[in-house]
Amino acid sequence: MEEFQRSFSPPPCPSTVTVRRNPPRKARATPYTTAAKPPAASLASANTHEVPSFPIDEILSIQIPQSEPKPSISESLKIFLRIKPLKIFTKAATTTKSRPRNVWPQNPSKKNNAKESRNHENAKKNKKSEEACIALNDPYSVTLTPPQALQELKRSKTEVYEGFSHVFPADCSQNDVYDKMVQPLLEDFMKGKSGMLAALGPSGSGKTHTVFGTPKDPGIVPLTLRQIFKKSDESSPGSLRPFYLSIFEICSERGKGEKAYDLLGDGSSELSVQQSTIRGLREVPIQNLEEAESLIGQAMLKRATATTNSNSQSSRSQCIINIRAASDGVSNEPKTQSSEAMLTIVDLAGAEREKRTGNQVIIMMYMLAVAVGVPEEPKEGIAETSSKFFGSIFLKNPFLTRYLRDYLEGKKRMALILTVKAGEEDYLDTSYLLKQASPYMKIKFDNTEELCNKRQLKTFPRVEKNKKIKLSAPKTHQIEEIVAGERNQISQEVNLRGKKADLTDRSSPRLEHVAPDKNDREHIIMRNFARVLWNVLKQYNEKLKVAEGDICSLKENLINEQLKSRGLETELIKLKSSCLDSKSNLAEPCIPEVEALVHAKEQLEVDTSLANASNIDDDPCNFIESRREISTEECNESPVPNKSIESCLENEEISCAEQKCTEQSDPTLSPEQGEVSRINNRLSNIQTKSAISRRFPDSEKQERNRRLLPASSRSLAEEMVDLDIKDNQIENLQAEFAETCVQEKSESTEGRETEIPAREIEPASTKKQRNRQKPRRRLQPASSVLLTREINTLEIEDDVAEPKGTRGGKKTTVAQPRSQGSITLLRLLTNNLHL
Ligand SMILES: Nc1ncnc2c1ncn2[C@@H]1O[C@H](COP(=O)(O)OP(=O)(O)OP(=O)(O)O)[C@@H](O)[C@H]1O
């Protein structure tokens, strides 16, 4: 090894060296340098002893100055929450309450009433104050519940805030706060790392109590001082490491801007800030705890306070306490950054209203934004940097901002403690404070009022950006990780909210449910209306079916009637043809007779319908009576005088009608006899016809037939034509049976004649009554109806011609000879028809 070193040892330096001062050129190699650069192999072999050794030890021994490791965000910023207890019992309060002011004797009843009312009011107050708006979920989250009145007004809804470094409940002690919040900072401070503590919150929420406390319940500052001197004694007993204390306040005077005053100075000495250094600030060295506590006491006495609605001793300024740990000066260690450290504790001024509390929070947010949002080594000044974020906020608080520059830039550790009151009446202040701080916490809103978010976004335009940064996650160490994690969380939250929104959209018939009731009501109404409409339509449908059935039956009736009419028409045609072929003496009246038959057919239809309507009785006599009225009308309409009609009357006609009446009224009559009587009727008709033809000349006969013959008489002509067609055999039989019939009837004529007057005596009303009492009637055959009509016509003519006195008497003035039976029948029939 030694040989190796010797061989690589450098050659001895020459005695003289030429140095050129001109700009460098490409100089030729000097003989030395040329000679001094031997080939590696020869060099290694020849001059191994001249090569110097590699200075590895020197290299390893060199200490490279390393940059100070920068604290992670989770270490540099922590946010705590402390809830002030609802009830605070103080001796003073109890003594003042117990002491009566009025010593005058009082009316016992009034006294009792006053006592009751006082108790009632106290109970009310206690009840009101007992209701808390904020509740602890776990050491890292709280739930904020609005008062009932606001819930009813739907102004606010329950909110959950989580992501705090720690939440101190109302029953926590000052030591708890110190242990969790101050202790880590103090340890760093004792190691030479600076840090800051700040308390902020609405007026009377316990900022000053948390920071300073009371002699019996000391706060952060006294506890920190105790710990500092305790640790100093433990680590190096008897060592005199100097600590300095400086306290000053920044007052925001209206119209005058910020002014700083030294609270440990001799008087009202105003301070000025240059960068982060305050000129004129007195630093008082503290040797022990007592000195420090007395100085703090002095400063507190000088601090500007005022009585507010929330606090009788409300702090009206930002109070800043600096504890500086200087190097001891005894040790020979070089003065490094670790030896010099500053611990700053800030008690911000209380704000009476939420807006002013908001200003506090704005400052805090500014701090946080700068701490996490700006580059670690900002090239711009604090003013420019801060103006990017909050512009006017910096202008409003330039003193504080400049002083807290290092903390704001994230170079030093910082912890914030939010103090809130738990009462319902403090809900708005508490809600506002937490909302302002929410961008720096992982906050889940159960049901957040949209209005609040809008206001928040409007006030702080950078909130959205800062929201993406998770500051209090315990396991995150790098900003990138935090940002990435926050992005993920935000995306998840967005997804969840989207799902929630979908759900609410689906259930919106709740919206869909301001409506829901209205929609249901409308639906029910429409459904009932549809049911009613359906029932009405069904009823109409049934009625329509019934009407259709009626129409069908009517159509059938119509078809039947048409068939009948066609049959009658064919019969008429036959009659016409037969009339043309008949004898000449009978041919004359055929044409008018055919006309009469057509008319009779029409009349028959009318009669049929009338008979159906009035339910005519079976009794043919009654039928004749009923028909008589109609015939009377027809006769009255006739222009022919009654006398001429009377002359037309023939006993045979009437007797024929009477015979028919007798025939039908006699139930004992055999069918053969009935047939014979029908034939007789026809025969008598023929006789009547021939009598008429005899009575009038031919010229007149036609005229009369045209003018005077009623429809029924025309049908009689039809009957006559029928009879012409009959053969002789039937005529003989008819004659025989007619004779016997007439004989039999003539025997009973006497009795009938005696009965007729009795019937005539009856008054018309009685007759009508009797007629009405007759229950049933039956439609007569067409021939009988025609016959009856004819008889009626004739009879009426007879009535007009004859005097009334002879109505019941026998008709002796007969132009032609007729049989006895015919005469009797005619008389009977005439009498009956006159009823
Ligand atoms: N956690 C607590 N426990 C007991 N008492 C408390 C607590 N917090 C506050 N108090 C009491 O409430 C009163 C008001 O507290 P403090 O002065 O600290 O409020 P503040 O926030 O500083 O108000 P300001 O901003 O107006 O100065 C004091 O009497 C204090 O003793």
Side-chain angles (χ1 to χ4, degrees), residues 196-214 219-222 224-225 244-284 286 292-308 310-324 342-352 356-357 359-364 366-367 393-408 414 416-417 419:
M196 185 182 79
L197 289 163
L200 45 115
S203 179
S205 60
K207 296 183 295 295
T208 307
H209 178 80
T210 301
V211 171
F212 296 101
T214 58
I220 290 172
V221 172
T224 303
L225 290 171
Y244 297 89
L245 185 69
S246 61
I247 304 173
F248 67 98
E249 67 175 348
I250 301 171
C251 298
S252 299
E253 296 179 8
R254 284 184 182 177
K256 294 180 182 176
E258 286 180 315
K259 284 187 177 178
Y261 300 97
D262 189 356
L263 295 178
L264 294 179
D266 51 355
S268 57
S269 53
E270 193 173 332
L271 305 172
S272 62
V273 178
Q274 195 170 28
Q275 294 297 328
S276 57
T277 306
I278 299 175
R279 288 187 176 179
L281 182 64
R282 182 187 175 203
E283 260 191 342
V284 179
I286 44 175
E293 285 183 346
S294 74
L295 287 172
I296 287 172
Q298 286 178 27
M300 292 303 294
L301 288 172
K302 289 182 180 177
R303 192 180 178 190
T305 58
T307 301
T308 63
S310 308
N311 191 3
S312 59
Q313 283 194 329
S314 177
S315 307
R316 298 292 87 191
S317 64
Q318 333 283 354
C319 183
I320 297 147
I321 303 111
N322 286 326
I323 304 170
R324 186 169 68 87
M342 180 84 82
L343 183 64
T344 304
I345 299 169
V346 181
D347 176 19
L348 292 172
E352 281 186 82
R356 296 190 66 183
T357 309
N359 288 337
Q360 277 187 357
V361 179
I362 288 166
I363 295 167
M364 177 199 73
Y366 170 77
M367 297 173 184
I393 304 301
F394 169 74
L395 296 173
K396 283 180 184 174
N397 303 277
F399 201 111
L400 182 66
T401 309
R402 269 179 275 170
Y403 181 73
L404 299 175
R405 174 179 176 168
D406 289 343
Y407 303 102
L408 302 180
M414 181 166 62
L416 299 170
I417 183 166
T419 55

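Bear in mind the structure is a predicted one, so any value in this text is a computation, not a measurement.
Annotation: the span from I247 atom CD1 to M300 atom CE amounts to 8.5 Å, rounded to 0.5 Å. The distance from atom CD1 of I296 to atom CG of L301, rounded to the nearest 0.5 Å, is 12.0 Å. One distance of note links CD1 of I220 with CG of L225; it measures 11.5 Å at 0.5 Å rounding.
Across every non-hydrogen atom of D262 and L264, the tightest pair is OD1-N, 2.9 Å. Residues P222 and E293 approach most closely at CB-OE2, 4.3 Å, considering heavy atoms. Here the shortest heavy-atom pairing between L263 and K302 reads O-CD, 3.2 Å. Residue G201 comes nearest to S205 through the heavy atom pair C-OG, 3.7 Å, listed as atom of the first residue, atom of the second, then distance.
The side-chain heavy atoms of I417 and L197, taken from C-beta on, include no pair separated by under 4.5 Å. Inter-residue side-chain proximity for Y244 and N322 is flagged as unmet; no heavy-atom pair is nearer than 4.5 Å.
Tested against I321, the residues L343, T344, L245 include a single side chain to side chain contact (heavy atoms under 4.5 Å, CB included) partner, L245. Checked options L200, V211, I320, V221; the residue passing with D347 is V211 (criterion: side chain to side chain contact (heavy atoms under 4.5 Å, CB included)).
Partners of T224 under the side chain to side chain donor-acceptor pair (under 3.5 Å) rule, at least two apart in sequence or in another chain, do not exist in this structure. Remark: R324 pairs with E283, E340 by the salt bridge (Lys or Arg N to Asp or Glu O under 4.0 Å) rule, at least two apart or across chains.
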